[in-house]
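Inspection log for the structure reproduced underneath, given as structure tokens.
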Amino acid sequence: MKISIYPTTDDMSKAAADLVAVQLAEKPTSLIVFPSGESPSGMLKYLVEYAKEDKADFSQCTIIGLDEWVGMDERDYGSCKHYLHTNFFNHLDLDPERVVMFDAKAEDLEGECERINTFIAEHGGLDMMIVGIGMNGHLGLNEPGTPFDLYAHLSELAPITVEVGQKYFKQTTALTQGITLGLKHLSEAKMAVLIASGEKKATIIADSLQGHISPDVPASILQNIAQARILLDKGAASKLEHVS
Ligand SMILES: N[C@@H]1[C@@H](O)[C@H](O)[C@@H](COP(=O)(O)O)O[C@@H]1O
């Protein structure tokens, strides 16, 4: 795991976008996982800019969505799909076949997990998996207690996830389950990237990166991942000890 700390959120976002641009230049057909939420918004803005300036070419890569609230699709404001369509896909000239996301409205949600697992396995595995971090250390919707060796699965949302998750919606919304890529995907990805910003994430970042490694703090798995890149702004890094 390599930790990089940037003076501002904008610097962190640009560094994350640069990692993606380099990945695409080195392997145009990369399979890349993108998260939704507040954390990636600056990075996505830079990537849209890079695509317009021909500094990043998304035409041959495949984008995989990290997670989704069960029962929602792109028509639901606040869903992960809605977020990624609005902030990212709608600004890029993407072949829809190269965008692979959970159908969180499917009748057979277990089958949906299998579909995504099979797609990833049959396409040679993930080249890059970018994640944000929840206030309880969740990655994607891998909540505390999730075994490290799971691929895509359904999850019961923790109360804090339901509470914090309201920020994505215009009105109070019932959230109960998530569908998400697993931590096994993260440990097997050729590059795992965590982005986190703001002082509110400082405690969970310190617990995750310098605390005990345990499924109780899902993001602590990053300590076991040699190919993990951790991108933080000063606020998110403010409770870490001895990082040069
Ligand atoms: N399901 C999402 C995660 O995929 C996201 O990475 C995380 C952090 O969100 P934010 O970046 O808005 O802080 O929590 C949400 O619950």
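With sequence neighbours left out, D11 forms a side chain to side chain donor-acceptor pair (under 3.5 Å) with T8. Remark: H85 engages F89 in a ring pair (Phe, Tyr, Trp, His ring centres under 6.0 Å) (not counting sequence neighbours). A search for side-chain contact (heavy atoms from CB on, under 4.5 Å) contacts involving P147 returns D149, L150, not counting sequence neighbours. Considering only residues two or more places apart in sequence or on other chains, D103 meets the side-chain contact (heavy atoms from CB on, under 4.5 Å) condition with K105, A106, E112.
Under a 4.5 Å side-chain heavy-atom cut-off, the cluster of Ile, Leu, Val, Met, Phe, Trp and Tyr residues that includes V164 is completed by M135, I160. The hydrophobic cluster containing W69 also includes M72, L141, L157, V162, Y168, F169, L175, under a criterion of side-chain heavy atoms closer than 4.5 Å among ILVMFWY residues, counted directly or through chains of members.
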Derivation and outcome, side-chain contact (heavy atoms from CB on, under 4.5 Å), residues D127 and T29: CA-CA 9 Å; D127 292 293; T29 58; over 6 Å; no

Pair Y151-E114, side-chain hydrogen bond (donor to acceptor under 3.5 Å, both in side chains): steps then yes or no: CA-CA 9 Å; Y151 287 112; E114 257 333 288; over 6 Å; no

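Defined by atom type and a distance below 3.5 Å, a donor-acceptor pair is present between the side-chain atoms of Y46 and D10. A donor-acceptor contact under 3.5 angstrom links the side chains of T161 and E143, judged on distance only. Side-chain contact of E241 with Q210: a donor-acceptor pair under 3.5 Å is absent, judged by distance alone.
Under the side chain to side chain donor-acceptor pair (under 3.5 Å) rule, H153 has a single partner from T146, T180, N142, which is N142.
Taking the six-membered ring where tryptophan is involved, the planes of F58 and F34 are tilted, since the angle between them lies from 30° to 60°.
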